[in-house]
Amino acid sequence: MTDNELIVDLRGRQIETLNDFWDAVSEPCGLPEWFGRNLDAWSDTIETRGISEVIDSHDILVVHVDQRGLFEGHRREAHVLADTFDGEQNQLIVHGPDWPAATD
């Protein structure tokens with residue numbers, strides 16, 4: 001771990017929907033009020049940067065979640081969200097035994 005990582009640990013927080021995810025990451029990621037709360041806006045925020053000063057001030061974003069709610073089973077929206085993370089500069093780590101290893 002380096003000083004350049006922004007770690008957002010959402011373990012223990014119930015996240016059932018994408019709206020719950022946006023609510024959970026808004027404050028620790030410094031998302032502006034006008035943030036679009038959709039996958040395209042999130043992808044722009046973490047890939048292109050220039051939207052959140054908090055994210056932009058770190059080289060790496062790591063988001064930890066539990067394998068429950070949104071991230072339990074095979075919910076399409078969870079996998080689409082996971083695909084917005086590149087696994088290097090932006091990482092989604094789902095803690096649980098059954099989540100596909102590609103998101104770690």
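- Listed by chain and number, the residues in a side chain to side chain contact (heavy atoms under 4.5 Å, CB included) with Arg11 are Asp9, His64, Asp66, His95 (sequence neighbours excluded).
- Residues Val65 and Val63 form a side-chain contact, since some pair of their non-hydrogen atoms from C-beta on lies under 4.5 Å apart.
- What you find for Pro28 and Val8 is that their closest heavy atoms are CG-CG1, 3.8 Å.
- Take Arg68 and apply the side-chain hydrogen bond (donor to acceptor under 3.5 Å, both in side chains) test, not counting sequence neighbours, and it matches Gln14.
- Interatomic distance, CG of Leu10 versus CD1 of Ile15, reported as 4.5 Å (0.5 Å rounding).
- Smallest separation of non-hydrogen atoms from Glu77 and Arg75: OE2-NH2, 2.6 Å.
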Next item on the list: Carefully, step by step, assess Glu16 and Leu70 under the rule side chain to side chain contact (heavy atoms under 4.5 Å, CB included).
Entry: CA-CA 5 Å; Glu16 294 291 336; Leu70 178 63; 5.9 Å; no
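- Within the 4.5 Å cutoff, the side chain of Val62 has heavy atoms near those of the Ile60 side chain.
- Taking CZ from Phe85 and CG from Asp83, the interatomic distance works out to 10.5 Å, rounded to the nearest 0.5 Å.
- With sequence neighbours left out, Ser57 forms a side chain to side chain contact (heavy atoms under 4.5 Å, CB included) with no residue at all.
- A side chain to side chain donor-acceptor pair (under 3.5 Å) check over residues 38-47, counting only residues at least two apart or in different chains, returns the pairs Glu47-Asn90.
- The NE2 atom of His58 sits 12.5 Å away from atom CD of Glu53, with the distance rounded to the nearest 0.5 Å.
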Next item on the list: Kindly indicate, with the supporting measurements, whether the criterion side chain to side chain contact (heavy atoms under 4.5 Å, CB included) is fulfilled by Glu5 and Asp59.
Entry: CA-CA 6 Å; Glu5 290 183 342; Asp59 294 325; over 6 Å; no
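- For Val25 against Leu31, the heavy-atom pair with the smallest separation is CG2-CD1, 3.9 Å.
- Asp56 meets the side-chain hydrogen bond (donor to acceptor under 3.5 Å, both in side chains) test with no other residue; sequence neighbours excluded.
- Using a 4.5 Å heavy-atom threshold, the side chains of Ser26 and Glu33 count as separate.
- Inter-residue side-chain proximity for Gln91 and Leu61 is flagged as unmet; no heavy-atom pair is nearer than 4.5 Å.
- Summarising the geometry of Ser52 relative to Gly30, their closest heavy-atom pair is OG-O, 3.5 Å, with the distance given to 0.1 Å.
- The existence of a salt bridge linking Arg13 and Asp23 is excluded, since no basic side-chain nitrogen approaches an acidic carboxylate oxygen closer than 4.0 Å.
- Once rounded to the nearest 0.5 Å, the distance linking CZ of Phe21 with CG of Leu39 reads 9.0 Å.
- Partners of Pro32 by side chain to side chain contact (heavy atoms under 4.5 Å, CB included), not counting sequence neighbours, listed by chain and number: Trp34, Phe35, Ile51.
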